[in-house]
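All remarks here apply to the structure that follows.
We count residues from 1, following the sequence as given.
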Amino acid sequence: MLPRMSRRARHVLSGMVCVAVLGGCASSDGPPQVRDASGSGFTPPPQLDSPDENDDAPKSPLLPSAFFADGAEAFVSWRCTPAQDLISVAPGNSLRLWSAQGYYALERSVVADGKRYRKGTLTFAQQGDEAHVESDNGQLACQQDARRESITRDDAPDVIFKGQGNEPGWTLELDREAPQLTLMTQYGEEKRTLDYRVTQLDNGHQAAMTLESGDADAPVTVELKARACFDSMSGKPYPVQVRVEEAGRTWVGCGQGIERTR
């Protein structure tokens, strides 16, 4: 069992230690070495938002599939040594894995005991609440930490993405039916609903999306990145880091794409 430490202490430690297993240390020399081979072209999440017999596909811009749990019931966080926090979901015979450097999609391998997932030279082997992560860059020994059920349309029927943060509390919602965002700040005391346009969209390992509102007097810029994110108060895991800028103010928090069902 790894010694427990506060979320703030773990984030400080993560910034001090060079972690090379999932992407290496952040630098200006180029992208991480371990990459998801799914490519950089945008592909809609087919299990979540493609048309079906009910024709309930979203009419707003689609999001990178890495923002979703792909139908999995819950997100799970892992505390690893060397210091690195990971998040995973396991829909069917696959594993979605998020680190501070990016997103990885692994397929399940047949093993006698436990569960093993692989993508190229990257492997994630789980036995109970412990996991071992290995790539060409090194190894991680991980212990399961928090668990959070994924948000579904039962919870937010008209929303395709939801983000939130603390101190002071704020929420961001992207409408399913139109390119429209709703930003509530100051614990809900301030609310703005604005049309937006997509100015950047990347899928795969470095999945990210940038939105800008059309309000010239007080524009809102939203940056969404598929990276491991933890609520600053509860420590609960999310697959997307969210940054919102408005009129000189900045809000930072976490979010996820809204699942059709668990």
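- Exactly one of Glu190, Lys191, Arg192 qualifies for a side chain to side chain contact (heavy atoms under 4.5 Å, CB included) with Met184. That residue is Lys191.
- Once rounded to the nearest 0.5 Å, the distance linking NZ of Lys59 with CZ of Arg176 reads 8.0 Å.
- Between Gln256 and Phe75, the shortest heavy-atom contact is OE1-CE1, 3.4 Å.
- Without hydrogens or angle criteria, Ser150 side chain to Glu73 main chain gives a donor-acceptor distance under 3.5 Å.
- Using modelled atom types, one side-chain atom of His205 and one backbone atom of Tyr103 make a donor-acceptor pair closer than 3.5 Å.
- Considering CD1 of Ile258 and CG of Leu174, their distance stands at 9.0 Å, rounded to 0.5 Å.
- Residues Arg116 and Glu134 are not paired through a salt bridge, judged by the lack of any N-O separation under 4.0 Å between the basic side chain and the carboxylate.
- Counting only heavy atoms from C-beta outward, the side chains of Phe124 and Lys115 never approach each other to under 4.5 Å.
- Residues Leu63 and Val198 fall within the same hydrophobic cluster, defined by Ile, Leu, Val, Met, Phe, Trp and Tyr side chains chained together at heavy-atom separations under 4.5 Å.
- The shortest side-chain heavy-atom distance between Arg96 and Ser65 falls under the 4.5 Å cut-off.
- Residue Leu97 holds its CG atom at 7.0 Å from CG of Leu122, rounded to the nearest 0.5 Å.
- Counted by atom type alone, Asn93 and Glu107 present zero donor-acceptor pairs between their side chains at under 3.5 Å.
- Remark: the Tyr238 side chain and the Gln164 side chain contain an N/O donor-acceptor pair separated by less than 3.5 Å.
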Exercise for review: Apply side chain to side chain contact (heavy atoms under 4.5 Å, CB included) to the pair Lys119 and Tyr104, showing each step before the final yes or no.
Suggested key: CA-CA 8 Å; Lys119 182 73 170 184; Tyr104 312 83; 6.0 Å; no
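- Remark: the Asp202 side chain and the Gln200 side chain contain an N/O donor-acceptor pair separated by less than 3.5 Å.
- Electrostatic pairing of Arg243 and Glu245 counts as a salt bridge here, judged by a charged N lying under 4.0 Å from a carboxylate O.
- Residues Val242 and Leu172 have side chains in contact (heavy-atom distance under 4.5 Å, counting atoms from C-beta outward).
- Salt bridge Glu149/Lys236: absent, no basic N to carboxylate O contact under 4.0 Å.
- Considering all non-hydrogen atoms of both residues, Ala66 and Ala207 come closest at CB-CB, 3.7 Å.
- When every heavy atom of Gly114 is checked against every heavy atom of Gln127, the shortest pair comes out as CA-CG, 4.1 Å.
- No side-chain heavy atom of Tyr196 sits under 4.5 Å from any side-chain heavy atom of Leu194.
- Between the side chain of Asp231 and the main chain of Ser234, a donor-acceptor pair closer than 3.5 Å is present.
- Between Trp98 and Phe67, a ring centre-to-centre spacing not shorter than 6.0 Å is recorded.
- Under the 3.5 Å distance criterion, with hydrogens and angles disregarded, no donor-acceptor pair is assigned to the side chains of Thr210 and Thr199.
- Note that CG of Asp154 is 12.0 Å distant from CD of Glu259, once rounded to the nearest 0.5 Å.
- Nearest heavy-atom pair across Ala74 and Val89 is O-CG1, 3.2 Å.
- For the atom pair CD of Glu223 and CG of Leu211, the computed distance is 9.5 Å after rounding to the nearest 0.5 Å.
- The side-chain heavy atoms of Leu181 and Glu173, taken from C-beta on, include no pair separated by under 4.5 Å.
- Under 3.5 Å, the side chains of Gln84 and Gln101 contain a donor-acceptor pair of N or O atoms.
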Do Trp78 and Ser88 pass the side chain to side chain contact (heavy atoms under 4.5 Å, CB included) test, and can you show the C-alpha distance, the side-chain angles, and the key distance before you say yes or no?
CA-CA 8 Å; Trp78 300 86; Ser88 70; 2.9 Å; yes
Check the pair Ser77 / Phe230 against side chain to side chain contact (heavy atoms under 4.5 Å, CB included), numbers first and verdict last.
CA-CA 9 Å; Ser77 61; Phe230 305 89; 3.5 Å; yes
Inset, instruction - Show your working on side chain to side chain contact (heavy atoms under 4.5 Å, CB included) between Thr81 and Leu140 and close with a plain yes or no. - result: CA-CA 5 Å; Thr81 301; Leu140 295 173; over 6 Å; no
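- Taken from CG in Leu62 to CD1 in Ile160, the straight-line distance is 6.0 Å, to the nearest 0.5 Å.
- At a threshold of 4.0 Å, the pair Asp85-Arg79 does not count as salt-bridged, since none of the basic side-chain nitrogens sits closer than that to a carboxylate oxygen.
- In this structure, the side chains of Arg118 and Leu106 stay at 4.5 Å or more apart for every pair of heavy atoms.
- Contact detail for Pro64 and Met209: the closest heavy-atom pair is CD-SD, 3.9 Å.
- Using a distance-only test at 3.5 Å, with no hydrogens or angles considered, no donor-acceptor pair links the side chain of Arg227 to the main chain of Gln241.
- Counting only heavy atoms from C-beta outward, the side chains of Asp195 and Pro179 never approach each other to under 4.5 Å.
- For the pair Thr123 and Tyr117, the minimum side-chain heavy-atom distance is 4.5 Å or more.
- For the residue pair Cys142 and Leu86, the shortest heavy atom distance occurs at SG-CD1, 4.2 Å.
- Side-chain atoms of Ser60 and Asp175 include no donor-acceptor pair closer than 3.5 Å.
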